[in-house]
K.L.:
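Input: one structure, supplied below.
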2 protein chains.
Amino acid sequence: MSQQRTGPTGGPDFPDLPEATVARLPEYLRALHHLAEDGHDTVSSEGLAAAAGVNSAKLRKDLSHLGRTGTRGVGYDVTLLIDQIEQVLGLTHRRAVALVGVGNLGHALAGYAGFGTRGFRIAALFDADHGRVGEHINGLVVRHIDDLPEVVEQESISIAVIATPAHAAQHVADRLVEAGVTSVLNFAPCVLNVPDGVDVRKVDLAIELQILSFHEHRKSALTALPAAVQKPGRVGMANRLGGEAVAT
Amino acid sequence: MSQQRTGPTGGPDFPDLPEATVARLPEYLRALHHLAEDGHDTVSSEGLAAAAGVNSAKLRKDLSHLGRTGTRGVGYDVTLLIDQIEQVLGLTHRRAVALVGVGNLGHALAGYAGFGTRGFRIAALFDADHGRVGEHINGLVVRHIDDLPEVVEQESISIAVIATPAHAAQHVADRLVEAGVTSVLNFAPCVLNVPDGVDVRKVDLAIELQILSFHEHRKSALTALPAAVQKPGRVGMANRLGGEAVAT
DNA sequence: TTCTGTGAACGGTTTCACAGCC
DNA sequence: GGCTGTGAAACCGTTCACAGAA
């Protein structure tokens, strides 16, 4: 799973990237698109690292996994690097995504323009509530969840977003997997059980806040202590230029 | 920053937890609340680990950082453990949260009930658009962002959620920090620069999908290969019981 | 000379395996 | 006997520091 470049899954076209690197490539991609818009055609590791909010050693190590990508003494070619990253991430064609659950959050996600501009196309909306089926959102009709297998097949959907209440999420996940979906982004606050070969990522808003709460708690405890025992120049978590990753 | 228990920030009431542990405590908390609702009053490490989607060795190691929490031969007392985790996370009182940006996503977040049930209270809504100021959402009035300092002070707000477009996010972050906010959850797809002592966590929907896209890409490349070279019993990422963390 | 690419050192996290307590 | 708590080992990720290409 690590750097071995000669294993069965390795090879020049499919470098076996560390997960931490995979999670950062999208950030580099976003920064690169920004740089391209601003007219840069090359960028140094230092410059790109700053734009992406990481340090340059990490960035160079990450990019080195993709093979020779930069030019020593010069830097990286912006458009070339964009192509290489998009290639590796499988973003050379727009992937069709299904969204299940068009409640409060689902509505917002259905209307989110960021999907469209960054490699994805919301191809279908689903809900279990017959009262919502037939509703038009952003040019798409909400379909009943029973139509999943048919639509997933028709639209070649392999990625789905779950934005249902927690109690429905496992059931929805089961039906998605059954219909052939192999990647799920779960917004429902619960654990999903899926078979091997299916990837799940989750976003839980309350968990993010609770992690922040921990640090708040600790900061306020620190300021309550006599200043003498505090480490110099350090209050709570030091936060070098660019915030902290959600991806521990 | 690691296990040293005797440093200035350590001490029995403020264990210096590893970040990876902090990120999982909220998951345990959620699972424990579920167990409590179902009438369990004790749970084994095995049982709680399954409910939270991790393995039991990790769970025990995590909980060991909180001090003696379980009983050998028996397991963990559910309500006691809930109390201990809430204590450590600083969830003994409801923290007031400000939400900036009441567009598409902001609206949905403002209406999300999960905040209320898991230790937070949305105490104020802000927007820069005068056309939106005055609007009522879920019992709260949208205020203009110029009122930030006043309201942050009045409501003792230390945590804010940014749900603005990317181009406005840095400006909003600066004003939040200026007003005294020390933790930010950023939904805008951009890097935020904040001073030391301010924590930032980010959620970027497109990035999550792009990470899934990478794995999809790799899975389809694998199935295209002759079966003989695939590692036995393994297609893409093995995904043991419960999905994968977003938080690396 | 400049800036990438990378071995080596380091630190944090996970897993293992079992000692210790109920 | 059962289950927690924990050293030790294995693993992964980050940082350092510099060799080497342009």
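Lettering of chains follows the sequences in order, A, B, ..., and the numbering in each one begins at 1. Predicted model, so just to flag it, every value in this text is computed and none were measured.
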K.L.:
With a 4.0 Å limit, can you tell me whether B/R24 has a side-chain N or O closer than that to the phosphate oxygens OP1/OP2 of C/dT14?
P.N.:
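So the side-chain polar atoms of B/R24 do come within 4.0 Å of the phosphate oxygens OP1 or OP2 of C/dT14, strictly under.
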K.L.:
Can a salt bridge be assigned to the pair A/R175 and A/E178 using a cut-off of 4.0 Å between side-chain N and carboxylate O?
P.N.:
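No salt bridge links A/R175 with A/E178.
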K.L.:
Measuring to OP1 and OP2 of C/dC22, would you say a side-chain N or O of B/Y76 lies under 4.0 angstrom away?
P.N.:
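Negative; the distance criterion is not met.
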K.L.:
Take atom CG of B/L63 and atom C1' of D/dT6, then tell me their distance rounded to the nearest Å.
P.N.:
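To the nearest whole Å, that distance equals 13 Å.
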K.L.:
Find the distance B/D77:CG to C/dC22:C1' and express it as a whole number of Å.
P.N.:
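My rounded result for the distance is 15 Å.
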K.L.:
Check whether any side-chain nitrogen or oxygen of A/N55 sits under 4.0 Å from OP1 or OP2 of D/dT15, and answer yes or no.
P.N.:
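Answer yes for this pair, as a side-chain N or O of A/N55 is under 4.0 Å from OP1 or OP2.
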K.L.:
Report the distance from atom CD of A/E46 to atom P of C/dT2, rounded to the nearest whole Å.
P.N.:
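It is 14 Å, rounded to the nearest whole Å.
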K.L.:
Given atom NZ of B/K61 and atom P of D/dG7, what is their separation to the nearest angstrom?
P.N.:
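B/K61 atom NZ is separated from D/dG7 atom P by 8 Å.
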K.L.:
Roughly how many Å is it from CZ in A/R60 to C1' in C/dG7, rounded to a whole number?
P.N.:
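Atom-to-atom, A/R60 to C/dG7, this comes out as 13 Å.
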K.L.:
Using the closest heavy atom to pick a nucleotide of DNA chain D for each, name whichever of A/V74 or B/T69 lands nearer the 5' end.
P.N.:
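The residue whose closest nucleotide sits nearer the 5' end is B/T69.
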K.L.:
Whole angstroms only, please: what is the CZ-C1' distance between B/R68 and D/dC3?
P.N.:
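Those two atoms, CZ and C1', are 16 Å apart.
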K.L.:
Is B/T21 touching bases, backbone alone, or none of the nucleic acid, heavy atoms closer than 4.0 Å?
P.N.:
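The answer is nothing, as B/T21 stays clear of every strand by at least 4.0 Å.
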K.L.:
Mind calculating the distance between NE2 (A/H65) and P (C/dG5) to the nearest angstrom?
P.N.:
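My rounded result for the distance is 12 Å.
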K.L.:
With no hydrogens and no angle check, do the side chains of B/E216 and A/T182 hold a donor and an acceptor under 3.5 Å apart?
P.N.:
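The answer is yes; a qualifying pair exists.
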K.L.:
Rounded to the nearest 0.5 Å, what separation is found between the OG atom of B/S44 and the CG atom of B/L59?
P.N.:
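Separation between the atoms: 9.0 Å.
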K.L.:
Calculate the interatomic distance between A/D62 atom CG and D/dG13 atom P; express it in whole Å.
P.N.:
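Atom CG in A/D62 sits about 10 Å away from atom P in D/dG13.
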K.L.:
If the helix axis at each end comes from five base pairs, how far does the helix from C/dT1-D/dA22 to C/dC22-D/dG1 deviate from straight, to 10°?
P.N.:
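Computed from the C1' atoms at both ends, the axes differ by 0°.
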K.L.:
Determine, for A/D204 against B/R118, whether the closest basic-nitrogen to carboxylate-oxygen distance falls under 4.0 angstrom.
P.N.:
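Result for this pair is yes, salt bridge flagged.
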K.L.:
Base of C/dG5, side chain of A/R72 - is there a donor-acceptor contact under 3.5 Å?
P.N.:
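Side chain to base: no pair present.
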K.L.:
Quick check on DNA chain C: between A/G73 and A/G70, whose nearest nucleotide comes earlier from the 5' end?
P.N.:
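Checking each residue's closest nucleotide, the 5'-ward one belongs to A/G73.
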K.L.:
Counting only side-chain N and O atoms of A/K58, is one of them less than 4.0 Å from OP1 or OP2 of D/dT15?
P.N.:
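Affirmative; the distance criterion is met.
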K.L.:
Side chains of A/H93 and A/E86 only: does a donor on one sit below 3.5 Å from an acceptor on the other?
P.N.:
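No, because no side-chain N or O of A/H93 sits under 3.5 Å from a partner of the opposite role on A/E86.
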K.L.:
Test your reading of the model: is there a side-chain donor-acceptor pair from A/K202 to the backbone of A/P189, 3.5 Å cut-off?
P.N.:
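Side chain of A/K202 to backbone of A/P189: no pair is present.
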K.L.:
Can a side-chain donor-acceptor contact be found between B/Q87 and B/D83 if the only test is distance below 3.5 angstrom?
P.N.:
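B/D83 vs B/Q87: no donor-acceptor pair found between side chains.
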K.L.:
Is any side-chain N or O of B/S44 closer than 4.0 Å to OP1 or OP2 of D/dG2?
P.N.:
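For D/dG2, OP1/OP2 do not have a side-chain N/O of B/S44 under 4.0 Å.
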